[in-house]
Every structure is written in structure tokens, then in C-alpha cells.
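Down below is the structure, laid out as C-alpha cells.
Chain letters run A, B, ... following the sequence lines, proteins first, then strands; residues in each count from 1.
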Amino acid sequence: MISADETVFFWINGLAGRVAVIDDIIRTLSCDLFVPVVMILAMVGLWFVGHNREQRENNQRAVFCSLAGMGFANLVVYILNAALEDRLRPFEAFPAQVNLIFYPPTDPSFPSNATAAAFAMAIGVWLYNRKLGYVLLIPAIAIAFGRMYMGVHYPLDIVGGFLAAIVGVAIARLVLKYTEPVPTKIIMLMRKIYLA
Amino acid sequence: MDGYLGSWSFVAEYCLYVFIAVIGMLQLIAARWELRGISFFGNKGWGYAFGAAAIAAVFIWFFRFTGLDLAQPTFDTPPQLFWLAVSTFLAVAVTLAISSIANHKRMPSATDDDNEGIDTLRRQTYWRSISKYFKGRAR
């Protein structure tokens, strides 16, 4: 399993460093400063739009689920980091062979926190709004691929991040369900002041 | 706030980037969903043009012209989320303020008192809506 993981990693990371423009584009699209802003723009958009009140309320619940899902996914990653033995990053394990075209992160390799956060936001939206959910999977996949391309994560770290996202969103759904009517009251309050 | 990306100038550039992008997004939404009360313009076409141009320009500016080096460490997650949230809320507040001023004469006060949430902003400004709400509560 580990060997296959490293083989796939080296195949993807081997693509880096050949065309500077492609490296630049992938580095930008999968950095911490791009995807979160794209996601927040999607959240703002989702909050304000809808053909009618019911649809808009559904979108607003998607925003709650997405943001809470991201928070819980980060918590899952934190717990896994604390419970498991630290996995070295590819550029630490194979310093001479890896094309590192990104800054060297210092946290453990498994699971990928950035992937977990991006997928959690996309899946959180997907549960309520399929069309936008699929659109948001694109930046999430970009960040997942980019992290391997840039030499900072193995494929298994990405899979781990994806699974953490699913667990995070599942927890968020349960929390939102069992804290009702709090989410509904927040939406009602925001509606009273013309913001929902 | 030591170091390249922890510097206040970087925080300011990041906040400006998020702030302008969110304002652009809100103008696109206002144009597409006819929320005239939060639009800066009387014309939908200007709203689309401004929103798209603001988002594209601010992304290009931030990633190409601020001297950002992605080979250097970026924010830690907590401060990044903090500044992201602050800039987003500020952008929403500024949009509501500017659109209320810009539409003050364009959108006369609606006569009905129905509170339909955001839908109310299709026919009156945020300032008029919220003033009416607080006057109603004071009565």
C-alpha cells in the first residue's frame, strides 16, 4: 500500500518543474490564499440567492453545514495528528528526489488538512445544492491534486483528508439536526434584519 | 507579527483582496437576482461588469502585483480565518452602506410594511428597510 502510494506520488510529482507556467498556475490554484477565498465567495453567494424563500433558506442551511463541516473536519485532522505517529512529508522523506515547488509545511503529512477543509466545504454544500456542490468540488480537487504535484502530500494523505471531510460533514449534519431550532432561529433573526 | 507573511502589510493586502472580491460578488448577486437595494448601480449591466471586473482585477493584483511569494509560508489557519471573516463582514457592511446612499433617490420608500427578508431589498434600500424595522419596534 505504502509503496503504491509512493509510486503514484512520484508519478504526479514528476510532472512538476517541467513547465514554469504550469507550476505557477497549480501553485496559485492550490495555495492557502486562493481556495478559501473562492469558497467564501461561494458562501456569500449562496447565502443571498434563491428563487424563493424556501430555496434561499435551503442554501443558508448549506452555508451552516459547509462551515461547520469544515470546522469539524479540521478537528478530525487534529485528533488524527495527535493519535497517529507523524508521517514525514514527501520532501522530508525523499529530499533528493522530490520536486518541492511550494513552501515546506511543518505539520504531519497524514491526513491533508487543506484537502479536508476544501472537501468538507464542497460536500457540505453538495448535500443541499447539488449543482453548486459539484462546482465547488473543482477547487477541492484542484487543491488535492496540487498538493501532490507540489511535493507536500502523498495520495494517501489526500484520501485521509477526503475521509476526514466526510466525517466532519456527517458530524456537522448531526449537530445541526440536534441543535434545532437554533439554526432556524438564526435564519429568522437574520431575516428580520433583512439579511436572510 | 514578524516575518514576511505575518507582517501587517501582508495582512492589509490580504484583507483588501478579500474585501474587494466579496464586494464584487455582492454586485454580481445584486445584478443577477435583481436585489436593487444592494446594487451600486441603477443598471444591471454595470453591476455585472463591475462585479466581474472587481473580482478578476483583485485576484490578478493580489497574486501578481503584491510581491507575494508562494514559496514562503503563509498564514496559520486561525489568523487567516479571522481576517477572512473580518474582511467578509466589512465588505457586506460597506456594500449595504454604499448601496443605501447610491439608491437613496433612485428607490423611493416602499409603502408596504411586509418584512420579506432579503426580498425586501428588491424594492428598497437596506437603510430604509432597517430604519422601518427599528421604528416599528419602537412604536
Salt bridge [X]-[Y], side-chain N to carboxylate O under 4.0 Å:
X      : Y      : result
A:R87  : A:D107 : no
A:E180 : A:K185 : no
A:R89  : A:D157 : no
B:D119 : B:R36  : no
B:E34  : B:R123 : no

key: Contacting region of A:L195 [heavy-atom separation from chain B under 4.5 Å]   =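 Backbone plus side chain of A:L195, per the 4.5 Å heavy-atom cut-off to chain B.
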Per-residue contact mode, [X] against chain A (heavy atom under 4.5 angstrom):
X      : value
B:T88  : side chain
B:L28  : neither
B:I130 : both

task = Please state whether the rings of B:Y17 and B:F62 are parallel, tilted or perpendicular, taking 30° and 60° as the class boundaries.
result =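 Ring orientation of B:Y17 relative to B:F62: parallel.
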task = Report the option among A:G50, A:C31, A:P104 that has the most heavy-atom pairs separated by less than 4.5 Å from atoms of chain B.
result =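 Sorted descending by pairs with chain B, the first entry is A:G50.
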message = Among A:R56, A:M43, A:R27, which residue has the highest count of heavy-atom pairs closer than 4.5 Å to chain B?
response =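 Highest number of pairs under 4.5 Å: A:R56.
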Most contacts with chain A, counted as non-hydrogen pairs under 4.5 angstrom, among B:L26, B:V18, B:L96 =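 Ranked by heavy-atom pairs under 4.5 Å with chain A, first place is B:L26.
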